[in-house]
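Throughout, protein chains are lettered first and strands after them, A, B, ... in sequence-line order, and every chain is numbered starting at 1.
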Number of protein chains: 2
Amino acid sequence: MNTTIRDVAHTAGVAVSTVSLVLNRKGPVSRETERKVLDAIEKLHYHPQRSARGLVTRRSGNLGFILSIDHFSKAEPFYTKIFLGTEFESRSHDLYVLLTTVDQQFSERNIPRFLLEKNVDGILLAGTVPLKLIDYIKDRHLPCVFIDYLPPSGSSSAILIDNAEGIRQAVLHLLEKGHRDLAFVGGDMQHPGMRERCEAFRGVLTEHGLVADTTNIFCEALLSGAREGYDAAQRILNDKLKVTAFVAANDAIASGILRACRDHKRRIPGDIAITGFDDVETAITARPTLTTLHVPKEEMGALAVRLLADIINGTASKGTKIVVPVSLICREST
Amino acid sequence: MNTTIRDVAHTAGVAVSTVSLVLNRKGPVSRETERKVLDAIEKLHYHPQRSARGLVTRRSGNLGFILSIDHFSKAEPFYTKIFLGTEFESRSHDLYVLLTTVDQQFSERNIPRFLLEKNVDGILLAGTVPLKLIDYIKDRHLPCVFIDYLPPSGSSSAILIDNAEGIRQAVLHLLEKGHRDLAFVGGDMQHPGMRERCEAFRGVLTEHGLVADTTNIFCEALLSGAREGYDAAQRILNDKLKVTAFVAANDAIASGILRACRDHKRRIPGDIAITGFDDVETAITARPTLTTLHVPKEEMGALAVRLLADIINGTASKGTKIVVPVSLICREST
DNA sequence: ATAAATTGTCGAAACGTTTCGACACTAATA
DNA sequence: TATTAGTGTCGAAACGTTTCGACAATTTAT
């Protein structure tokens with residue numbers, strides 16, 4: 001009923017192994033037998049079966065995408081976009097992407113199923129993931145590419161955002177507009193990207209002879225959402241600190257700041273200017289719309305797949321890091 | 001190196017087949033040997049390998065998601081959301097979703113790879129897909145669930161939108177606001193959903209003793225995008241037809257109409273009111289924001305996976321149809 | 001002319017599971 | 001007591017590929 005390689009061999013009048021050789025373009029096959037095999041394949045509509053092939057080659061044709069659970073939700077368009085980027089790209093590499101989420105603490109019975117079942121040829125890891133999970137993957141020598149995260153251990157392949165340059169652009173933009181009293185509001189410092197944004201802010205300001213210390217850098221929050229932005233801005237506005245421009249570490253935080261400013265009856269951008277980072281929907285649905293740094297999210301996903309595929313095929317060396325540029329999008333909030 | 005079921009059998013002191021029985025909770029196994037096997041599994045960190053298992057069971061643990069190519073793009077948030085819904089849900093069914101796109105005309109060398117490789121246990125089909133492809137799938141007796149589309153042949157399982165009710169709500173809303181001169185702008189009539197929306201408009205209007213004919217129903221467009229909405233609205237406004245409210249078949253069309261109205265210096269909603277359908281980002285990023293019908297897109301994806309999983313397990317009968325409700329979201333455009 | 005290398009083909013073994021029929025037991029039935 | 005009906009366990013065969021070593025038939029080098 002199910003047409004197999006044996007059927008092809010039979011109708012072509014050759015051995016099974018010969019059909020396999022033709023199929024995989026391996027080993028020498030005469031023009032003539034190749035023709036016969038190809039004809040038989042055509043005639044029988046034959047196509048090798050993935051699981052049988054995978055059993056012996058140990059290749060599944062799948063990539064795994066691992067994401068922290070709190071990053072894959074309806075409210076988190078950032079990593080979702082990256083994921084969609086991987087989906088787009090993977091189709092042109094003849095790969096499928098299996099998505100899974102993990103929670104922050106790693107446990108034995110928590111290991112993504114596709115890893116246990118040896119059902120992926122490589123892994124994409126987006127955002128912060130448990131270090132133990134990373135170790136687990138490295139132990140198994142699975143090729144992997146990190147996205148928007150670089151584990152402390154160093155030498156991993158990764159697709160990264162040019163955070164420093166982004167913050168620099170935002171700050172320069174604000175300086176140009178005449179602002180001199182800038183404040184930075186960050187979030188979850190577990191994430192190296194957050195730290196980079198924060199450090200960049202400090203760097204650019206001191207470069208321009210401006211103060212950058214605990215009076216205008218707020219990074220104690222444990223998360224990086226609108227709530228944290230709101231709380232920080234509240235404190236700042238209540239304390240009547242002199243601030244005319246906020247540089248937020250991402251759009252969610254920026255939208256929280258926006259709300260706090262509105263609650264304090266400050267006009268935007270008249271009294272206070274705000275910049276975000278990431279350019280997610282929030283930036284454009286906010287009122288006023290947010291000036292922010294555009295991050296090419298789909299493109300990052302695509303780059304990650306391309307790099308991972310190259311590493312799997314041995315045409316790229318692991319340890320490659322790609323930094324994608326960001327660009328300032330000026331909207332109403334500045 | 002690779003720990004297999006044989007290793008487990010060996011350290012547990014039983015036969016390979018016994019381990020398999022324990023693993024799959026099949027056949028009778030004594031309490032005692034079960035313990036031994038479980039211990040060995042624990043000790044060796046054993047987990048069955050997908051491809052080996054799949055080879056004999058003919059189960060892959062994957063679902064295929066098929067989407068027309070023009071529906072999976074950055075500009076098409078509708079089906080993308082549905083896809084994300086399936087991703088969410090599938091994880092709790094221990095299934096992975098493999099996504100592929102197809103173009104409108106079916107050809108032999110165009111068949112999704114996961115079908116050829118027998119790498120999926122069931123199929124989700126979203127939007128219009130080539131009939132030949134549907135036949136191909138049916139021929140192979142693969143369980144499948146349609147999303148936002150019902151093929152002419154009938155008896156398929158599907159997750160559908162309550163289009164008629166949606167249009168009814170939009171029209172009633174406009175009538176309540178005092179509008180009497182309504183026009184409907186549709187798009188690609190290949191899609192049964194589009195036809196339903198159009199028919200519903202005609203129905204509700206005649207029910208209320210209002211005219212509904214070619215003077216106020218515009219459905220000749222071949223596509224369903226902003227461009228089509230713009231063109232239709234242009235013609236209507238140029239011809240100075242008496243229209244105070246537009247009912248668009250989706251948000252993209254509505255946004256096109258919006259632009260045409262702006263070009264004609266009509267105030268919205270002062271001079272002209274507009275409603276959309278689907279509640280995608282366009283609806284909220286448009287200026288003014290669009291009154292539209294919310295469609296629970298992620299939920300549709302989730303429902304589809306649940307239904308498909310049930311059909312695969314034999315706990316739901318194929319042919320089941322689920323109609324999801326829509327709800328009117330009033331924003332600035334009415 | 002002979003030895004060595006190359007080319008094309010093949011059969012058989014592997015890959016890691018599940019499933020099927022056989023078999024020895026024990027418990028229930030006649 | 002003799003049969004029958006379960007239980008629990010096992011070995012072997014399958015599932016559909018790829019890969020490896022063998023081997024004949026050529027071609028090339030000595």
Kindly write out the residues that satisfy side-chain contact (heavy atoms from CB on, under 4.5 Å) with V29(B), not counting sequence neighbours, or none if the list is empty.
L21(B), V22(B), T33(B), E34(B)

Going by the rule side-chain hydrogen bond (donor to acceptor under 3.5 Å, both in side chains), which residues pair with D121(B) if we only count those two or more places apart in sequence or in a different chain?
S60(B)

Look at all strands and tell whether T57(B) reaches a base, only sugar-phosphate, or nothing, counting heavy atoms closer than 4.0 Å.
sugar-phosphate

Specify the separation, in whole Å, of atom CZ of R50(B) and atom P of dC15(D).
20 Å

Starting at CZ of R59(B) and ending at P of dT18(C), how long is that distance when rounded to a whole Å?
13 Å

Please enumerate all residues that pass side-chain hydrogen bond (donor to acceptor under 3.5 Å, both in side chains) together with S107(A), with sequence neighbours excluded.
none

Length of the line joining I41(B):CD1 and dT17(C):C1', which is rounded to integer Å
13 Å

In whole angstroms, how far is the P atom of dA14(D) from the CZ atom of R6(A)?
10 Å

Under 3.5 Å, which donor-acceptor pairs do the side chains of residues 149-161 of chain B form with other protein atoms, sequence neighbours left out?
unit_1, atom_1, unit_2, atom_2, d
S156(B), OG, K138(B), NZ, 3.0
S156(B), OG, G154(B), O, 3.2
S157(B), OG, G319(B), N, 2.8

Show me the donor-acceptor pairs, under 3.5 Å and distance only, between side chains in residues 90-100 of chain A and residues at least two apart or in other chains.
unit_1, atom_1, unit_2, atom_2, d
S90(A), OG, T86(A), O, 3.1
S90(A), OG, E87(A), O, 3.0
R91(A), NH1, T101(B), OG1, 2.5
S92(A), OG, E89(A), O, 2.8
H93(A), NE2, E89(A), OE2, 2.9
D94(A), OD1, R113(B), NE, 3.2
Y96(A), OH, F114(B), N, 3.0

Rounded interatomic separation in angstrom, taking CZ from R53(A) and C1' from dC15(C)
15 Å

Test of understanding: with side-chain hydrogen bond (donor to acceptor under 3.5 Å, both in side chains), list the residues that count as partners of D70(B), not counting sequence neighbours.
S68(B)

Measure from the side-chain N and O atoms of K132(A) to the backbone N and O of P130(A), and report whether any donor-acceptor pair falls under 3.5 Å.
no

Backbone N/O of G54(A) and side chain of R58(A): donor-acceptor pair under 3.5 Å:
no

Can you give me the N/O atom pairs linking the protein to nucleotides 22-28 of chain C at distances under 3.5 Å, or say none if there are none?
none

What side-chain hydrogen bond (donor to acceptor under 3.5 Å, both in side chains) pairs are there with at least one residue in residues 12-21 of chain B, not counting sequence neighbours?
S20(B)-N24(B)

Grab the CD1-P distance between I5(A) and dT19(D) for me, whole Å please.
11 Å

Looking only at the side chain of R58(A) (C-beta and beyond, no hydrogens), which of the listed nucleotides dT17(D), dT17(C), dG16(C) gets closest?
dG16(C)

If you fit an axis to the five pairs at each end of the helix from dA1(C)-dT30(D) to dA30(C)-dT1(D), how big is the angle between those two axes, to 10 degrees?
40°

If you count the non-hydrogen atoms of other residues, nucleotides and ligands that lie under 6.0 Å from CD in Q190(B), is the total more than 12?
no

Can you tell me the distance, in whole Å, between the CG atom of N2(A) and the C1' atom of dT17(D)?
13 Å

Are any protein N/O atoms closer than 3.5 Å to N/O atoms in nucleotides 6-13 of chain C? If there are, list each pair with its distance.
unit_1, atom_1, unit_2, atom_2, d
dT9(C), OP1, S30(A), OG, 3.2
dT9(C), OP2, S30(A), N, 2.9
dT9(C), OP2, S30(A), OG, 3.2
dT9(C), OP2, T33(A), OG1, 2.7
dC10(C), OP2, A15(A), N, 2.9
dC10(C), OP2, T18(A), OG1, 2.8
dG11(C), N7, S17(A), OG, 3.2
dG11(C), O6, S17(A), OG, 3.0

Residues that K36(B) engages under side-chain hydrogen bond (donor to acceptor under 3.5 Å, both in side chains), provided they are two or more places apart:
none

The side chain of S20(B) lies closest to which of these nucleotides: dG16(C), dT19(D), dT18(C)?
dT18(C)

Rounded to whole Å, the CG-C1' distance (L23(A) to dG16(D)) equals 12 Å

Side-chain donor-acceptor distances from residues 38-49 of chain B under 3.5 Å, at least two apart:
unit_1, atom_1, unit_2, atom_2, d
D39(B), OD1, R35(B), NE, 3.4
D39(B), OD1, R35(B), NH2, 3.2

Taking only side-chain nitrogens and oxygens of K26(A), does any of them come within less than 4.0 Å of OP1 or OP2 of dT19(D)?
yes

